[in-house]
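Report on the following structure.
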Amino acid sequence: MNEVVAMNIWQFGLIYLLLIIVLLIMKKCRINRTKLLFTASLRMTVQLALAGLVLTYILQNPHPLFTVAYLALMTCFAVYTVLSRNKGINKRFKIIVAASLAGTGLTIVAFFILAVVGVSLFNPQYTIPISGMIIGNAMTGVGLGLRVFNENIRTQRVLIENLQNIGATPQKILLPFVNQALETALLPTLNSMIGMGIISLPGMMTGQILSGTLPMTAIMYQIAIIIAICAVTCLAVFFSLFFGYRTLYNSRQQMCI
Amino acid sequence: MPLFSARNVCFKGIVQYPDIDIEEGRATFISGESGCGKSSLLRLISGVTSPDAGEITYRGKPVADYDPVGLRREVLLCSQASYLFDTDVDENFAKYYGYRDLPAPTPEQIRPYLGVCAFDMPGNTPCHTMSGGERQRVFTAICLSLRPKVLMMDEPTSALDDTTANKMLSNIKIFCAEHGITLIVVSHNAALVQAYADDIITLGVCLQTITAGRAQA
């Protein structure tokens, strides 16, 4: 297999021209998000460039401490992102979300690296990119699940109050909201699995094939990572909401929502 | 011994209730200006919320000492903002019964309660096409059919015309008397209060706001 063609920096710059098209369409449709487009593009470029530099250094000087530090930083950032997007939840709920996200994310990463790939957890070449995909997807799933859960509870306040008044237990009242949010959080992953290989060649696989990996090996990695993403999303959202919803009522079974 | 007693009850640092006694087996109406804490009083009695200070007792025992969910089933609050699912009447009974872990009632079991609440449409009528008053009556029928020992209704006639309101309240009062259900009703309709109340509690006169009290001190 051939090595991937290294991009010339000027040719690489051509890709940014596509953003001008996005900008023009946004202007035409009066989508007032020009600033966001600039910030997002700039942040992505700077963040990825920095990550590239850090990864180059870590891969050239592999040390367990670097891998652990990278994992810790990534997990903290994921927790921070989810919590900062769901400010309305109480403190105990926040702790449960943080523990669920970090706990399930790191467990699935460890299972993937140690059992499925069979290399050391401190091997940065495997652990860093794979944990990025797993924890990143867990973060998106938990963020979506929490948002749907909170929105549904807010819009169904009258129902919740009536059910409480007629003597339904808080568990019976809130569990359907947990189930519904979990379903919504899982759907994007499940839907993407349906079209995979036919309408999309996923990112990791594309990357591996570009860099010269045999397609069958790339496919095995891809299948493994998608199943890991499905599992981590399910577990992280389930633990966050299943334990989190219990913070919404007190020992007198009074709701504080 | 009164069924309920409230002593020195203060709620959310705003409402100071007068001492209140409610007798068993009677229809007690609570009236008063809006914002004087009528609905909150019902919520305090059923233990859905707790007072900052003071104590409410039910059969001589503090409300806080009862199993909370058990008490709400016994002392059931039919709130003003009713909620019906987007299905038909019978299915709404089934859904609410499901939340109470009860088997769905049959149409034959449902019909008498709809009759008491002056609702004469068939059980397969879709609820989303109903008027506010019809929805309120269906919801009241659901609450009544759960057969609590105490039924508390918050403005049950707010969406009804006078004729329907009279018919429903008269039916409910007879039903409750026949089945030994104590009735507590919040209403601002003076004519209805006069017509159906055995006892009247008027809030507002004895009501003080704590903040105002502190400001004067």
Side-chain angles (χ1 to χ4, degrees), chain A residues 87-93 96 145-185 187 237-238 240-257, chain B residues 39-40 42-51 56 62-86 92-93 95-102 127 132 135-136 138-154 184:
Chain A
K87 287 208 169 75
I89 62 177
N90 66 55
K91 200 179 163 197
R92 277 198 302 147
F93 206 148
I96 287 168
L146 267 182
R147 188 167 58 81
V148 170
F149 181 74
N150 285 328
E151 273 176 12
N152 287 351
I153 280 188
R154 212 171 34 239
T155 53
Q156 299 280 43
R157 215 175 268 272
V158 176
L159 169 67
I160 291 173
E161 267 179 31
N162 280 320
L163 289 172
Q164 187 178 224
N165 289 338
I166 66 155
T169 60
Q171 296 86 320
K172 192 100 186 169
I173 299 171
L174 292 172
L175 268 178
F177 290 96
V178 171
N179 299 341
Q180 203 180 3
L182 178 60
E183 185 185 332
T184 310
L187 277 180
V237 179
F238 174 76
S240 297
L241 295 180
F242 191 75
F243 293 106
Y245 92 89
R246 293 156 203 250
T247 66
L248 299 182
Y249 56 89
N250 62 20
S251 60
R252 297 287 310 146
Q253 310 283 303
Q254 295 164 337
M255 302 272 208
C256 16
I257 52 174
Chain B
S39 301
S40 299
L42 299 189
R43 289 165 53 77
L44 288 165
I45 289 174
S46 78
V48 168
T49 190
S50 298
I56 298 177
V63 161
D65 291 351
Y66 280 88
D67 162 54
V69 173
L71 181 72
R72 283 171 215 162
R73 293 178 179 187
E74 200 170 313
V75 182
L76 193 141
L77 169 55
C78 179
S79 51
Q80 185 180 9
S82 56
Y83 181 97
L84 293 181
F85 299 92
D86 276 345
N92 265 280
F93 272 78
K95 286 217 180 236
Y96 274 104
Y97 273 59
Y99 274 103
R100 280 274 305 264
D101 294 318
L102 296 167
C127 294
R135 295 170 69 87
Q136 197 175 25
V138 171
F139 185 67
T140 308
I142 294 173
C143 293
L144 188 66
S145 75
L146 290 165
R147 295 293 286 272
K149 289 186 179 151
V150 180
L151 178 64
M152 300 195 289
M153 298 195 290
D154 191 357
I184 303 174

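All of these numbers come straight from a predicted model, not from anything done at the bench. Chain identifiers are assigned alphabetically (A, B, ...) following the order of the sequence lines, protein sequences preceding nucleic acid strands; residue numbering begins at 1 within each chain.
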Inter-residue atom distance B/R100.CZ - A/T169.OG1, 0.5 Å rounding: 10.5 Å

Sequence-distant partners of B/D86, salt bridge (charged side-chain N to carboxylate O under 4.0 Å, His left out), two or more places apart: none

Part of residues 138-151 of chain B lying next to chain A, heavy-atom separation under 4.5 Å: B/F139, B/C143, B/L146

Counting heavy-atom pairs under 4.5 angstrom with chain A, the leader among B/C78, B/A81, B/A64 is B/A64

If contact means a heavy atom pair closer than 4.5 Å, which residues of residues 148-155 of chain A contact chain B? none

On a heavy-atom basis, which atom in A/Q254 and which in B/G47 lie closest, and how many Å separate them? NE2-O, 3.0 Å

To the closest 0.5 Å, what do you measure between OG (B/S46) and CD (A/Q164)? 8.0 Å

Looking only at non-hydrogen atoms, find the nearest pair between B/D101 and A/K172 and report the distance. OD1-NZ, 2.6 Å

Over all heavy atoms of both residues, which pair between A/G167 and B/V69 is shortest? Give the atoms and the distance, please. O-CG1, 3.3 Å

Taking non-hydrogen atoms and a cut-off under 4.5 angstrom, which of residues 242-252 of chain A neighbour chain B? A/S251, A/R252

For the residue pair A/N165 and B/V48, what are the closest heavy atoms and their distance? OD1-CG2, 3.5 Å

Using non-hydrogen atoms only, which part of B/F85 is less than 4.5 Å away from chain A: side chain, backbone, both, or neither? side chain

What one should report as the nearest heavy-atom pair of A/A168 and B/Y99 is CB-O, 3.6 Å

At a heavy-atom distance under 4.5 Å, which candidate from B/G98, B/G70, B/S50 has the highest pair count against chain A? B/S50

Given side chain to side chain contact (heavy atoms under 4.5 Å, CB included), test B/Y83 with A/E161 step by step and report yes or no. CA-CA 9 Å; B/Y83 181 97; A/E161 267 179 31; over 6 Å; no

